[in-house]
K.L.:
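Just dropping this structure here.
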Number of protein chains: 2
Amino acid sequence: MKEKRTIQSVQKLIVAFFRASRRMPSYAEMIDILGVRSKSVVNFWINKLIDAGILEKDGKGRLTFTKRAFAVPKVGSVQAGFPSPEEESLCDIMSMDEYLVTKPDASFLLQVSGDSMIGEGILEGDLVIVEKGRQPKNGDVVIAEVDGEWTMKYFKRQGKQIVLEAANPKYPLIKPKTELRLGGVVTAVIRKYHQ
Amino acid sequence: MKEKRTIQSVQKLIVAFFRASRRMPSYAEMIDILGVRSKSVVNFWINKLIDAGILEKDGKGRLTFTKRAFAVPKVGSVQAGFPSPEEESLCDIMSMDEYLVTKPDASFLLQVSGDSMIGEGILEGDLVIVEKGRQPKNGDVVIAEVDGEWTMKYFKRQGKQIVLEAANPKYPLIKPKTELRLGGVVTAVIRKYHQ
DNA sequence: CCTTATATAGAACATTCGTTCTATTGTCAA
DNA sequence: TTGACAATAGAACGAATGTTCTATATAAGG
């Protein structure tokens, strides 16, 4: 009734620890994690994982995960057919954070209310990542204050005039008269379905 | 011309290291990171960060970030007005990964092609997170194989019959005749604007 | 000037780290 | 049974760890 240790099972245990603690376990801790009784056994399995390309050692000899170990596999497109586990082209997205939030210091999350950007696929309840202090390009989705109220709109130039346009025909075009306070540029949209 | 060290600047340096290396620096490494010449100075600042609630020590005395230190601040809704840095209600989203991918082992990413789910705010080029092996509820967005082709559709029950419906009127309702192979349930949508 | 508090330096320390060695156990085939 | 090999155990070791101590430099206030 002894379940054998495999590279996969060991990887799973260590990944679970890392996700929970946000750090690598020490060899001493891995004794308990892996259910063995000696650090040399831990070392044995660690070397296996290194050979398998799941772990690696950084410049200072510290154990780290390779991108492979952590990445959520990204497969082709929907229409291209469905993935078999083998052909999963492991993508280079190490973490959603790195992928989505390029400037953590200047970014914040905002929950969307209203349907003014529904044509852009931004629905009520979605989270958007907003980057402060960036100069918007024509057509960017921005957070802006108009007449004392904050809204999410397309940022567009009409000649020298700047206008704010909703992605919903039922909202009028906004031509700011005096000032236009920009809160930031929307760099990403996140929607999580309740489960 | 000496720039003073502050709690914020020290936090920033350590967070930067953590993001780059996915681990805490040792005190010896922090000597270089903080630009000081002694571990006792590092210890001095670390204690300050602990008092400030930015760092903490886990059960084994290991240094870890608190949720506060990492979270992208989440503020209210767009219409509710715009956030000032003070009123930022730091949200409990520690990382996008944790928030979006609840079952890392059973999930993968898929890039969307086509406009069949445009009514659901899922556009061409978006990434969706798909969870395998979950039983879909009525109205869930699923990846399914129909007549040898994979598509993304709403999963709906009509009595005992299961139908697949696009969120785009130009696509017909699909009533699978024989088999319905489910690839998974879409649990999240991610859109990143090119920058 | 002197006093006080803060920030930094450097050294010393016990503890823990990862590594490596030898020895033992278990498994499977011949 | 025997041999061969993989997996595990346990001990030993130098190196690195975080902590704590004393001492020095800097700045502000009286």
K.L.:
Checking A:Phe18 now: which residues fulfil ring pair (Phe, Tyr, Trp, His ring centres under 6.0 Å) with it, not counting sequence neighbours?
P.N.:
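Result, ring pair (Phe, Tyr, Trp, His ring centres under 6.0 Å) vs A:Phe18: A:Phe65, A:Phe70.
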K.L.:
Per the salt bridge (Lys or Arg N to Asp or Glu O under 4.0 Å) rule, what does the pair list look like for residues 151-170 of chain B, sequence neighbours excluded?
P.N.:
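Listed once each, the pairs are B:Asp115-B:Lys170, B:Lys156-B:Glu165.
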K.L.:
Excluding sequence neighbours, so at least two apart, what forms side chain to side chain donor-acceptor pair (under 3.5 Å) with B:Thr102?
P.N.:
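By the side chain to side chain donor-acceptor pair (under 3.5 Å) rule, B:Thr102 matches no residue at all.
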K.L.:
Over how many whole Å does the gap from B:Leu63 atom CG to D:dG18 atom P extend?
P.N.:
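In whole Å, D:dG18 P lies 8 Å from B:Leu63 CG.
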K.L.:
Figure out the OH/C1' separation between A:Tyr27 and D:dA11, and round it to whole Å.
P.N.:
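For the pair A:Tyr27 OH and D:dA11 C1', the rounded distance is 17 Å.
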K.L.:
Considering residues at least two apart in sequence or located in another chain, which fulfil the side chain to side chain donor-acceptor pair (under 3.5 Å) criterion with A:Asp126?
P.N.:
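For A:Asp126, the residues satisfying side chain to side chain donor-acceptor pair (under 3.5 Å) (neighbours in sequence not counted) are A:Arg191.
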K.L.:
For DNA chain D, determine which residues of residues 28-56 of chain A have any heavy atom closer than 4.0 angstrom to one of its atoms, and list them numerically.
P.N.:
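Listed by number, they are A:Val36, A:Arg37, A:Ser38, A:Ser40, A:Val41, A:Phe44, A:Trp45, A:Lys48.
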K.L.:
Mind calculating the distance between CE (A:Met24) and C1' (D:dA16) to the nearest angstrom?
P.N.:
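Taking atom C1' of D:dA16 as the reference, CE of A:Met24 is at 19 Å.
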K.L.:
Which residues pass the side chain to side chain donor-acceptor pair (under 3.5 Å) test with A:Glu124, sequence neighbours left out?
P.N.:
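Residues passing side chain to side chain donor-acceptor pair (under 3.5 Å) with A:Glu124: none at all.
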